[in-house]
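Provided herewith is a single structure, encoded as structure tokens, for subsequent inquiry.
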Amino acid sequence: MVRVRFAPSPTGNLHIGSLRTALFNWIFAKHNKGSYILRIEDTDSLRSKKEYEENILEGLEWLGLHMDEGPEINSKYGPYRQSERFNTHIYSEYVEKLINSGCAYYCFCTDEELELERDAAQKKNITYIYSRKCLNQSREEVKKKLESKKSYTVKFKVPQSGTLSFIDLIRSEIKFDLSLISDFVLLKSDKTPSYNFAVVVDDMLMNITHVIRGEDHISNTPKQICLYNAFKVKTPHFAHLPMILGPDRSKLSKRHGATSVNEYREKGYLKETLLNYLVLLGWSAPDNHEILSINEIIKLFSLDRISRSGAIFDITKLNWMNGQYIRKMDAATLADNIKPFIAKDFTDKISAYPAEKLERIIYSFHEKLVLLTDINNLLPVYIYSMEDYKIMISQFDFSSEEKDIICSFRNELSMVDMQDLSAAKLNNILKNIQTSKGGGKGRVLKPVRFACSAEKTGPDLIEFLLITGKETLLERLNYCIDNTLT
RNA sequence: GGCCUCAUCGUCUAGGGGUUAGGACACAUGGUUUUCAUCCAUGUAACCGGGGUUCGAAUCCCCGUGAGGCUACCA
């Protein structure tokens, strides 16, 4: 049974990079019919905030990456917040085991002392290794210091020599020289577990089979493997994902602009787009198809098709893909998706519209939309008042020929029964005018569009005319003919 | 600095001993369309460098170079 986890620390909103890590874990679990576990790594009490946790949870929910186990869904493996696990004393229990087996020891060194050691190593251009000053203290010494309430940490005793290697499922074998790995902190002086210690204890106790995480964790892996060894427990499989990069090829961060999933959601990116795009940053389908539903992705997914090099987050392609997904939607779906994005200024005006009309208006733009919020730049063409129209049309200059065409159109339109106003009818009228005037279609359709909408571009003209309706059109056309100069 | 990872069009990638090095985004040109957009067609554009191994290397090995990550009592 495959068990994977996504373990964010709630020190910020859900980030594009962490989302992709979550996504790969989730897909891997689904592909293998395993469990996807969410664990909150909130041992850093200074930086962790409840609101961030909520943001992360909410974001993942929105994207449909539902957890099988986690803070909200408990099981025998819980609790799923490290702060809560801390209260059950599991970390101190496991630290004790390591101390008793001689794999860990108390360290009373002060920050200043350690700083000095580190500086010295830096000066000599060698890897910093803790001096192990505190390793060989007698029991009495330790006891005395503990009783005197001296501040301490517990450190892990890393085996001093040999090579440690592990098989990374994406990169194959990775080797480390143990003599270059320093003893590291297990328990901080505030008695909370360090990251490297907490992950191992939790992954071990939660029976995690595959650790899928960012490449930035490769250098933590040997330390963690040492811990598994000390506990005499089999290590999980490791897979280190390539980084997501900003345009300057450094790790994607805030200074590259929008990185929180929130921002993308608010701008009107669809969850399908985000999921599809993100999975393509590092993974590709066997047939190289790119537009894939989440179910197709789950079916086709495998770790060995993940690439090893970092990938730049390219907003242009993301935009293209969002447009693709929007164009695939039917009118009702598009309307449902887009309504929440319509600006307040417009919602009042359109609230009176029957649902079908609004749906039709929205759909008339479906080929122009890249982001759902784009609707607010397009919508005005349908909701100008007569006053708005007058101001806008005054900026147009029509030639006498154009005015002639506008007149013909007005005359023909006025003779059509309201009930008979159809796409075919309008097409017919426009075609007839075109035939009588000669020249291309544009010659007729452009002035008609200008006169009817006071805009140079917009949705499909026929659709626009039908939606706007004969009454409004005639009012506008009459005004246009009477008030614009030739 | 040390350790680790990575290296195919501008970007995301396929290909992993013999390919006209393929696709997608972007860009350019043309076509359809009333315009913009969409859509369609075409085009420009890549194997980091040097050594090996081999009949043959983008592909395997080594060395450079470049980029990134880690180097905390953060995660």
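Throughout, a chain's letter reflects where its sequence line sits, starting with A, and its residues are numbered from 1. The analysis underlying the following values was restricted to heavy atoms, covering all of them including side chains, and did not include hydrogens, waters or symmetry mates.
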Take atom C1' in B:rC25 and the same atom in B:rG68, then report the distance between them in whole Å.
-> 24 Å

Return the nearest nucleotide to the side chain of A:Asp314; candidates are B:rU11, B:rU34, B:rG1.
-> B:rU11

Between B:rA14, B:rC73, B:rU35, which nucleotide has the shortest distance from any of its atoms to the side chain of A:Lys446?
-> B:rU35

Does one side chain, of A:Tyr105 or A:Asp183, offer a donor that lies under 3.5 Å from an acceptor on the other?
-> yes

Reckon A:Lys251 has a side-chain N or O less than 4.0 Å from the OP1 or OP2 of B:rC70?
-> yes

Within the structure shown, what part of the strands sits under 4.0 Å from A:Thr153 by heavy-atom distance: base, sugar-phosphate, or nothing?
-> base

Describe the nucleic acid contact of A:Leu245 in one word from base, sugar-phosphate, nothing, applying a heavy-atom distance below 4.0 Å.
-> nothing

salt_bridge(A:Asp203, A:Arg39) N-O dist < 4.0 Å | yes

Remember a base hit wins even if backbone is also touched, and classify A:Thr43 as base, sugar-phosphate or nothing at under 4.0 Å, heavy atoms.
-> sugar-phosphate

Side-chain N or O of A:Ser307 closer than 4.0 Å to phosphate OP1/OP2 of B:rU13 = yes

Closer than 4.0 Å, any side-chain N/O of A:Arg213 to the OP1 or OP2 of B:rG69?
-> no

Looking for any heavy atom pair under 4.0 Å, which part of the strands does A:Asp177 touch: base, sugar-phosphate only, or nothing?
-> nothing

Take the protein atom CD of A:Glu215 and the nucleotide atom P of B:rC3, then report the distance between them rounded to whole Å.
-> 17 Å

Between A:Asn196 and A:Asp248, whichever has its closest RNA chain B nucleotide further toward 5' is A:Asp248

Considering only the P atoms, how many Å lie between B:rA45 and B:rG22, rounded to the nearest integer?
-> 12 Å

Determine the contact category for A:Lys175: base if any of its heavy atoms lies under 4.0 Å from a base atom, sugar-phosphate if only primed atoms, P, OP1 or OP2 are that close, otherwise nothing.
-> sugar-phosphate

Quantified in whole Å, what is the P atom distance between nucleotide B:rU5 and nucleotide B:rG10?
-> 27 Å

A:Asp460 near the nucleic acid: base, sugar-phosphate alone, or nothing, with a heavy-atom cut-off under 4.0 Å?
-> base

Less than 4.5 Å apart, any side-chain heavy atom of A:Lys145 and any of A:Gln137?
-> yes

Sugar-phosphate only, base, or nothing, as touched by A:Asn319 at under 4.0 Å among non-hydrogen atoms | nothing

A:Gly282 near the nucleic acid: base, sugar-phosphate alone, or nothing, with a heavy-atom cut-off under 4.0 Å?
-> sugar-phosphate

A:Arg327 has a side chain; which of B:rU5, B:rU35, B:rC39 sits nearest to it?
-> B:rC39

Presence of donor-acceptor pair under 3.5 Å, side chain of A:Ser189 and base of B:rC73 = yes

Ignoring hydrogens and angles, does a donor from either the side chain of A:Arg171 or the base of B:rU5 sit under 3.5 Å from an acceptor on the other?
-> no

Specify the separation, in whole Å, of atom CD of A:Gln434 and atom P of B:rU34.
-> 8 Å

Just checking A:Leu280: base, sugar-phosphate only, or nothing, at a heavy-atom cut-off of under 4.0 Å?
-> sugar-phosphate

Considering only heavy atoms from C-beta outward, does the side chain of A:Leu334 approach that of A:Arg327 to under 4.5 Å?
-> no

Is the shortest side-chain N/O distance from A:Gln82 to OP1 or OP2 of B:rC74 below 4.0 Å?
-> no

Measure the distance from CD1 on A:Ile181 to P on B:rA72 and round it to the nearest whole Å.
-> 13 Å

Which whole-number value in Å describes the distance from A:Ile429 CD1 to B:rU34 C1'?
-> 16 Å

Rounded to whole angstroms, how far apart are NZ on A:Lys133 and P on B:rC73?
-> 14 Å

May I ask you to decide whether A:Arg308 forms a salt bridge with A:Glu215, counting only side-chain N to carboxylate O separations under 4.0 Å?
-> no

Looking at A:Lys188, does any N or O in its side chain come under 4.0 Å of the phosphate oxygens OP1/OP2 on B:rA72?
-> no

Starting at CG of A:Leu252 and ending at C1' of B:rU11, how long is that distance when rounded to a whole Å?
-> 14 Å

Please determine, for the side chain of A:Arg249, which listed nucleotide (B:rG69, B:rA75, B:rA67) has the closest atom?
-> B:rA67

Pairwise side-chain contact, A:Phe6 with A:Leu60, heavy-atom cut-off 4.5 Å (strictly under) | yes

Just checking A:Tyr277: base, sugar-phosphate only, or nothing, at a heavy-atom cut-off of under 4.0 Å?
-> nothing

What integer number of Å spans the P atoms of B:rA24 and B:rG43?
-> 12 Å

Rounded distance in Å between the C1' positions of B:rC4 and B:rA14 | 27 Å

What nucleic acid atoms does A:His289 come within less than 4.0 Å of, heavy atoms only: base, sugar-phosphate, or nothing?
-> nothing

When you check the phosphate oxygens OP1 and OP2 of B:rG15, does a side-chain N or O of A:Arg305 lie under 4.0 Å from one of them?
-> yes

Side-chain H-bond candidate by donor/acceptor type, A:Arg255 with A:Ser250, under 3.5 Å = yes

Can you tell me, in whole Å, how much space there is between the P of B:rA28 and that of B:rG2?
-> 46 Å

Name the nucleic acid region contacted by A:Lys124, choosing base, sugar-phosphate or nothing; use a 4.0 angstrom heavy-atom cut-off, strictly under.
-> nothing

Closest-nucleotide ordering on RNA chain B, the 5'-leading residue of A:Ile174 and A:Asn220 = A:Ile174

Any A:Arg118 side-chain nitrogen or oxygen under 4.0 Å from OP1 or OP2 of B:rA72 = yes

Expressed in whole Å, how much space separates the P atoms belonging to B:rU71 and B:rU11?
-> 28 Å

Does the B:rA24 base have a donor-acceptor partner in the side chain of A:Lys317 within less than 3.5 Å?
-> yes

Is there a donor on the side chain of A:Arg47 or the base of B:rC74 sitting less than 3.5 Å from an acceptor on the other?
-> yes

Just to confirm, is there a sub-4.0 Å distance from OP1 or OP2 of B:rC73 to any side-chain nitrogen or oxygen of A:Ser194?
-> no

Could you work out the separation of B:rC61 and B:rA7 based on their P atoms and round it to a whole Å?
-> 11 Å

In whole angstrom, give the distance that lies between atom CD1 of A:Ile291 and atom P of B:rU13.
-> 16 Å

Which part of the nucleic acid, if any, lies within contact of A:Glu290, taking any heavy atom under 4.0 Å across all strands shown: a base, the sugar-phosphate backbone alone, or nothing?
-> base

A:Tyr325 side chain to A:Asn276 side chain, donor-acceptor N/O pair below 3.5 angstrom = yes

Relative to A:Tyr94, does A:Lys97 satisfy both conditions: NZ or CZ under 6.0 angstrom from the six-membered ring centre, and within 45 degrees of the ring's axis?
-> yes

Would A:Ser253 and A:His15 count as having a side-chain donor-acceptor pair, cut-off 3.5 Å?
-> no

Any N or O donor-acceptor pair linking the side chain of A:Gln122 to the base of B:rG2 at under 3.5 Å?
-> no

Ignoring the backbone of A:Trp320, work out which of B:rA24, B:rA37, B:rA75 is nearest its side chain.
-> B:rA24

So what does A:Ser9 hit on the nucleic acid, given a heavy-atom distance under 4.0 Å: a base, only sugar-phosphate, or nothing?
-> sugar-phosphate

Give the rounded distance in Å between these two atoms: CE of A:Met243 and P of B:rU5.
-> 14 Å

